[in-house]
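Note sheet for the following structure.
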Amino acid sequence: MAVEKTFSIIKPDAVGKNLIGKILQKFEDNDLQIVASKMIHMSKEKAEGFYGIHKDKPFFANLIEFITSGPVIVQVLQGENAIMKNREIMGATNPDDAKEGTIRKSFASSIDENAVHGSDAPETAAVEIAYFFNNDEICERTR
Ligand code: GDP
């Protein structure tokens, strides 16, 4: 298996509930390293660009309102099979369908406010990382 980088967001609901540390702990407990991280409050334009693939969906306006409703933590996670591993740690999009022990099962309240985002494939991971981070903000581990 290859070492990969993936993009992750701790969404406004989870930041608002003071769950940043608990969520980062889940990544580290599963051998994912945080190699970039910052807190931002996304503008409407930034959010619409990020979620552009969903622009024709009925939930789009809701999604933009939610993701811009408060600050988020954006991060780059690195590790073996990081993209799929992060999706497993996150759990299903709808927390009602998420497995026990996943972030969404533990911390999300609904499909609209579901605590975290994670890239779903190598192509989207590369695009999403570049959408939020410059190369010099990604810190390769040296020890
Ligand atoms: P994710 O990769 O699991 O976050 O899911 P998607 O990329 O497909 O969707 C992005 C976000 O849009 C999800 O995290 C949900 O918050 C929201 N979303 C996706 N599908 C639905 C839906 O059918 N209804 C509602 N209300 N929100 C949805």
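In each ligand, atom 1 is the first atom listed, and ligand 1 is the first ligand listed. Sequential numbering from 1 along the given sequence is applied to the chain's residues.
- For Glu88, the salt bridge (charged side-chain N to carboxylate O under 4.0 Å, His left out) criterion is met by no residue, not counting sequence neighbours.
- Protein residues having a heavy atom under 4.0 Å from any atom of ligand 1 are Lys11, Tyr51, His54, Phe59, Leu63, Arg87, Thr93, Arg104, Ile111, Asp112, Asn114, listed by chain and number.
- Within the model, atoms OG of Ser43 and CD1 of Ile67 stand 12.0 Å from one another, a figure rounded to the nearest 0.5 Å.
- Salt bridge status for Lys5 with Glu140: present, with a side-chain N to carboxylate O gap under 4.0 Å.
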Set out, in order, the CA-CA distance, both residues' side-chain angles and the distance that settles side-chain hydrogen bond (donor to acceptor under 3.5 Å, both in side chains) for Lys11 and Asn114, then state yes or no.
CA-CA 8 Å; Lys11 293 183 178 180; Asn114 62 2; 2.7 Å; yes
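- Between Phe59 and His54, the ring planes lie tilted relative to each other; the angle falls in the 30° to 60° range.
- In this structure, Glu137 places its CD atom where more than 12 heavy-atom neighbours from other residues, nucleotides or ligands lie under 6.0 Å away.
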